2 protein chains.
Amino acid sequence: MQSRNPVSRTGRPRSAAADTAILAATRDALVELGWSRLTLGDVATRAGVAKTTLYRRWPGKNELVVDAVAALFDELEMPDRGSLAADIEGVVLQFAAILVRPETKSGLMAVVAESTHDDALRERIRASIVDRQKRLVLEGRARAQRRGELPPEPDPEEAARAVDLIFDMVAGAVVHRTLVSAEPVDREWAGAFTRVLVMGLGPGRSQ
Amino acid sequence: MQSRNPVSRTGRPRSAAADTAILAATRDALVELGWSRLTLGDVATRAGVAKTTLYRRWPGKNELVVDAVAALFDELEMPDRGSLAADIEGVVLQFAAILVRPETKSGLMAVVAESTHDDALRERIRASIVDRQKRLVLEGRARAQRRGELPPEPDPEEAARAVDLIFDMVAGAVVHRTLVSAEPVDREWAGAFTRVLVMGLGPGRSQ
DNA sequence: TCGCTTTCGCTACGAGGCGTAGCGTAACGG
DNA sequence: CCGTTACGCTACGCCTCGTAGCGAAAGCGA
């Protein structure tokens, strides 16, 4: 995760089990307590480690929660479902399944809020969470172009803008539906959303 | 704002100036400190009131920040710009203008995160912030139907679902673009977003 | 003008989290 | 076996929280 020296070959190695225990304890605490009431001392107790061990590995609450939540996004993948619409609907439902979990809900938004005052934290979120999702958009877009569902985009800058737009639309809508509106992202909603998006992307000019 | 008795006609009245001073001080503190480092004692000092006065009016940090941020949404309105696309683009830019302010960025997401563990807080957010935005969607949709840009929807439940979907798409995309991607919502982005949305809503069946 | 009522500013307080320092011990590699 | 690093534990000063208690201030009605 983070090591002060690139590799320190001597001395007692850090316990990998402690890392996973701490991250799991953080998620448990997020579920039970939410963000504001979560304390690092409590997490340490839950994980069965000393509080000092926790501080030796993470600078503070923000970074710890980012890593704890990021692990939830490991399961993200994008099987080829045959069409652009099916691919989008699949990734929407998959993303929603992660987002609906209480540890994600309370943790993710809180660190995003903190990141508005902490550039390093924003970068950490981007690297460990956001980019992994964006990769799915890139993949789905490339597939759709191969199928002929979307026109190829010769200009790389224009393509990047299009990917960013799609990404913000998909992730934003799912997040807003789940967290702000507090309504479920079920097949019906995902289908309606996908219809609008695919229709908006398809025949018209530009992307 | 909140009064324990519907109206108490006797005794010293609460200072209305203190309310506005406290809310303004809260926004200032959000700008300088962000959410996590904001303390109620500091807000009281900035506002020139005693800390106890603050606690007499708000239960805690969450509710105070909701009210402080909600005041920023007072300027929301939706002039008729002649077409559905222009209306959407206008509300996107207007919403983004509020959201880009540092007090909104750090405050809004934090209380949303807290609301996942506090139903009363979620309701407070919905009533004082979310519903005010949703009204714009309702208005723009009605206008577009009057113009013939969108088909009328006889089924009220279906109409409500459509409004909710549009609302989550618009607000979600703008929030995600601004807070997570940390990129500006300029005319170019707003235009591209509006193109996709309008095209997705328009010709196809239902929405 | 005088009470009655409620709010206000101020001070003080216990409780609890934060982040760090220091120590002795444990677990590796050479 | 030795050097090095991680670990568990305790203790600490600092800060914030949220509340209690007080006297003074500011309205209203008689």
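Chain A is the first sequence line, chain B the second, and so forth, proteins listed ahead of strands; every chain is numbered from 1. Keep in mind that what you see is a predicted model, and the values were worked out from it rather than measured.
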A:Leu54 atom CG is separated from C:dT20 atom C1', nearest whole Å, by 14 Å

Of the listed D:dG18, C:dG9, D:dC9, the closest approach to the A:Ala50 side chain comes from D:dC9

For A:Val43 and A:Ile22 the tightest heavy-atom approach is CG1-O, 4.0 Å

Do B:Lys51 and D:dG18 have a side chain to base donor-acceptor pair shorter than 3.5 Å?
-> yes

Out of D:dT4, C:dT20, D:dG8, minimum distance to the side chain of A:Thr10 belongs to D:dT4

note: B:Arg37, atom CZ; D:dC17, atom C1'; distance rounded to Å ~ 19 Å

In terms of heavy-atom contacts, B:Gly34 and B:Ser106 come closest through CA-CB, 4.2 Å

All heavy atoms of A:Asp87 vs all of A:Gly82, minimum pair found to be OD1-N, 4.2 Å

Does any N or O donor sit under 3.5 Å from an N or O acceptor when you compare the side chain of B:Thr52 with the base of C:dC10? yes

Sorted by position of nearest nucleotide on DNA chain C, 5' first, the leading residue of B:Ala18 and A:Gly41 is B:Ala18

Here the distance between atom C1' of D:dG18 and atom CH2 of B:Trp58, to the nearest Å, is 17 Å

Comparing B:Thr39 with A:Pro13, nearest DNA chain D nucleotide closer to 5' gives the residue A:Pro13

Against the side chain of A:Tyr55, the closest entry in C:dT20, C:dG9, D:dC17 is C:dT20

- Check every strand shown and say whether B:Ser15 touches a base, only sugar-phosphate, or nothing at a heavy-atom separation below 4.0 Å. sugar-phosphate

Quick one: the side chain of A:Arg56 and the base of D:dG8, do they pair up donor-acceptor inside 3.5 Å? yes

Mark yes when over 12 heavy atoms from residues, nucleotides or ligands other than A:Arg147 sit less than 6.0 Å from its CZ; otherwise mark no.
yes

When rounded to whole Å, the NZ to C1' distance for the pair B:Lys61 and C:dG17 reads 13 Å

Over 12 non-hydrogen atoms of neighbours within 6.0 angstrom of CZ in A:Arg132
yes

note: B:Asn62, atom CG; D:dT16, atom P; distance rounded to Å ~ 18 Å

Answer with yes or no whether A:Arg12 presents, from its side chain, a donor or acceptor under 3.5 Å of a partner atom in the base of C:dA26. yes

B:Leu38 CG to D:dC15 P, in whole Å, measures 17 Å

In whole angstroms, the gap separating P of D:dT19 from CG of B:Leu40 amounts to 11 Å

